[in-house]
J.: 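The structure follows.
Side-chain atoms are counted along with the backbone in the values below, which use heavy atoms only and exclude waters and symmetry mates. Throughout, a chain's letter reflects where its sequence line sits, starting with A, and its residues are numbered from 1.
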Protein chains: 2
Amino acid sequence: MGDTIQMSFIEIQPIAASLRDDAVIAETDTACSPPARRDAIGAEAADELARSLKALADPARLRLVSMVAAHVDAEACVCDLTEPLGLSQPTVSHHLKVLVEAGLLTRDKRGTWAYYRLVPGALDSLAALLAAV
Amino acid sequence: MGDTIQMSFIEIQPIAASLRDDAVIAETDTACSPPARRDAIGAEAADELARSLKALADPARLRLVSMVAAHVDAEACVCDLTEPLGLSQPTVSHHLKVLVEAGLLTRDKRGTWAYYRLVPGALDSLAALLAAV
DNA sequence: CCCATAAATTGACATCCATCGATGCATTCG
DNA sequence: CGAATGCATCGATGGATGTCAATTTATGGG
């Protein structure tokens, strides 16, 4: 099913366009500082971005993404990742699931093996959103 | 004290240069996939990056950073941030502390008020590191 | 068929974390 | 000096999270 790929990839894009949709300008113009210069990001946009960042805010998952990217064709199966990571197979599977659900990796099961691939542009989109906060 | 500023800013920079210092190439050349094309990031680099990302992987903290950036001179005091965020003052103080310790904000207490400011370049450095994973 | 292998799922456990109320600590003002 | 204000710290609590052993679910080979 390519559904997961499409859905999560589409999810990321609109954030950039609507980063400040539900933004709220600080109305409390007390004496301590001047009012806002521009809008801050909205609560919902912050929720979305935080959920994506949470997926990457883990050493094991960062290494997994990097290891997948380091492979030829940016593709790797679980058996290649478990040992160098030093974690148990269920734990690696768990982390990979989180990354897939976050729209950063895709899973492709061929025969006995499950191959994971980078979603092209996902990391760069996230980085761009981060820099635009 | 500008110590916090200097220390944490210096912390971020070397990561980019040593992203793959302690990297380990996947040696397990089993049948399921070809060997690595390049090194993945190292365990320590992943730890460092994950710690920085964790600081931002929270809706409240993302909004705080954005709200501080939205202010004139990119400066804001706690009293400006508490109400629009909808969180209690101790919670906001807690989040701000996390952001300062992560090297993203600086704290400057003037009189009764505490002014928070963006560390210039910190967000962009993080975004660059993220895209380079 | 039955066994071996790869990977996902489950259940359990320890730890971390976001949040709040209460309290403490400066600083300012009357 | 004493009251008030802004902010940090403390302690508690409910919920999320990383990890593993055990089990389950395919898939492939003899």
J.: Rounded to whole Å, please give me the gap between CH2 in B/Trp113 and C1' in D/dC7.
T.: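 Those two atoms, CH2 and C1', are 12 Å apart.
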J.: Between A/Tyr116 and C/dA8, is there a contact of a side-chain N or O with OP1 or OP2 at under 4.0 Å?
T.: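 True: A/Tyr116 side-chain N/O within range (under 4.0 Å) of C/dA8 OP1/OP2.
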J.: Between atom NE2 in B/His95 and atom C1' in C/dC20, what is the gap in whole Å?
T.: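 So the NE2-C1' distance, B/His95 to C/dC20, works out to 11 Å.
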J.: Can you tell me how far P of D/dA16 sits from CG of A/Asp58, to the nearest Å?
T.: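 Going from CG in A/Asp58 over to P in D/dA16 covers 18 Å.
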J.: B/Tyr115 OH to D/dG6 C1': how many Å, rounded?
T.: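 One finds 11 Å between C1' of D/dG6 and OH of B/Tyr115, rounded.
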J.: Taking only residues two or more places apart in sequence, or in another chain, which ones meet B/Asp124 in a side-chain hydrogen bond (donor to acceptor under 3.5 Å, both in side chains)?
T.: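 With neighbours one apart ignored, the set is empty.
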J.: Nearest to the side chain of A/Val78, which nucleotide is it out of C/dA6, C/dG21, C/dA8?
T.: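 Nucleotide nearest to A/Val78's side chain: C/dA8.
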J.: Less than 4.5 Å apart, any side-chain heavy atom of B/Leu123 and any of A/Leu130?
T.: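 Result yes, sub-4.5 Å side-chain heavy-atom pair found.
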J.: Apply side chain to side chain contact (heavy atoms under 4.5 Å, CB included) to B/Ala46 and list each qualifying residue two or more places apart in sequence or on a separate chain.
T.: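 Only A/Pro59, A/Leu62, A/Arg63, B/Ile41 meet the side chain to side chain contact (heavy atoms under 4.5 Å, CB included) criterion with B/Ala46.
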J.: Establish, with yes or no, whether the OP1 or OP2 oxygen of C/dA18 is under 4.0 angstrom from a side-chain nitrogen or oxygen of B/Arg61.
T.: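 Indeed, a polar side-chain atom of B/Arg61 lies that close.
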J.: When you get a sec, tell me which of C/dA18, D/dC20, D/dC7 is the closest nucleotide to the side chain of B/Cys77?
T.: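 Selected nucleotide (nearest to the side chain): D/dC7.
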J.: Can you list everything that forms a side chain to side chain contact (heavy atoms under 4.5 Å, CB included) with B/Pro90? Sequence neighbours excluded, please.
T.: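 Testing B/Pro90 for side chain to side chain contact (heavy atoms under 4.5 Å, CB included), a comparison that skips the adjacent residues, returns B/Ser88.
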J.: Before giving the answer on side chain to side chain contact (heavy atoms under 4.5 Å, CB included), spell out for A/Leu85 and A/Met67 the whole-Å C-alpha distance, their side-chain angles and the decisive distance to 0.1 Å.
T.: CA-CA 9 Å; A/Leu85 205 56; A/Met67 290 166 72; 4.1 Å; yes
J.: Do B/Ser66 and A/Arg38 come close enough that some side-chain heavy atom pair is under 4.5 Å?
T.: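 Contact flag for B/Ser66/A/Arg38 side chains = yes.
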J.: Rounded off to whole Å, could you give me the CG-to-C1' distance for the B/Leu81 and D/dC7 pair?
T.: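 The answer, rounded to whole Å, is 12 Å.
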J.: What is the per-nucleotide protein-contact pattern of nucleotides 23-30 of chain C, from the 5' end, where B denotes a base atom under 4.0 Å from a protein heavy atom, S denotes such proximity for sugar-phosphate atoms only, and - denotes neither?
T.: ----SS--
J.: Output all residues satisfying side chain to side chain contact (heavy atoms under 4.5 Å, CB included) with A/Ser93, sequence neighbours left out; order by chain, then residue number.
T.: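 In terms of side chain to side chain contact (heavy atoms under 4.5 Å, CB included), with neighbours along the sequence ignored, A/Ser93 is linked to A/Gln89.
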J.: In chain order, what residues pass the side-chain hydrogen bond (donor to acceptor under 3.5 Å, both in side chains) check against B/Asp108, with sequence neighbours excluded?
T.: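 side-chain hydrogen bond (donor to acceptor under 3.5 Å, both in side chains) list for B/Asp108, sorted by chain: B/Arg110.
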J.: According to a strict under-4.0 Å criterion, is A/Thr91 in side-chain N/O contact with OP1 or OP2 of D/dC20?
T.: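 Yes, such a contact exists.
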J.: Hey, which of these two, A/Ala60 or B/Val92, hits DNA chain D nearer its 5' end, going by closest nucleotide?
T.: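 Closer to the 5' end of DNA chain D: B/Val92.
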J.: Please report, rounded to the nearest Å, how far the P atom of C/dT9 is from the CD atom of A/Glu101.
T.: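 From A/Glu101 CD to C/dT9 P: 9 Å.
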J.: Counting heavy atoms from C-beta on, name the nucleotide in D/dA8, D/dG18, C/dA8 closest to the side chain of B/Ser93.
T.: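 Among D/dA8, D/dG18, C/dA8, the one nearest the side chain of B/Ser93 is D/dA8.
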J.: CZ of B/Arg51 versus P of D/dT17: gap in Å, rounded?
T.: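 Taking atom P of D/dT17 as the reference, CZ of B/Arg51 is at 20 Å.
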J.: Rounded to whole Å, how long is the line connecting atom CG of A/Leu96 with atom P of D/dT17?
T.: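 Between P of D/dT17 and CG of A/Leu96: 17 Å.
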J.: Counting any heavy atom closer than 4.0 Å, what does A/His94 reach on the DNA or RNA strands: base, sugar-phosphate only, or nothing?
T.: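 Base contact.
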J.: C/dC17, C/dT9, C/dA8: which one has an atom nearest the side-chain heavy atoms of A/Lys97?
T.: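 Taking heavy atoms from C-beta onward, the closest nucleotide is C/dT9.
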J.: If you find the nucleotide of DNA chain C closest to A/Lys54 and the one closest to A/Thr82, which residue's nucleotide is nearer the 5' end?
T.: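 Looking at DNA chain C, the more 5' nearest nucleotide goes with A/Thr82.
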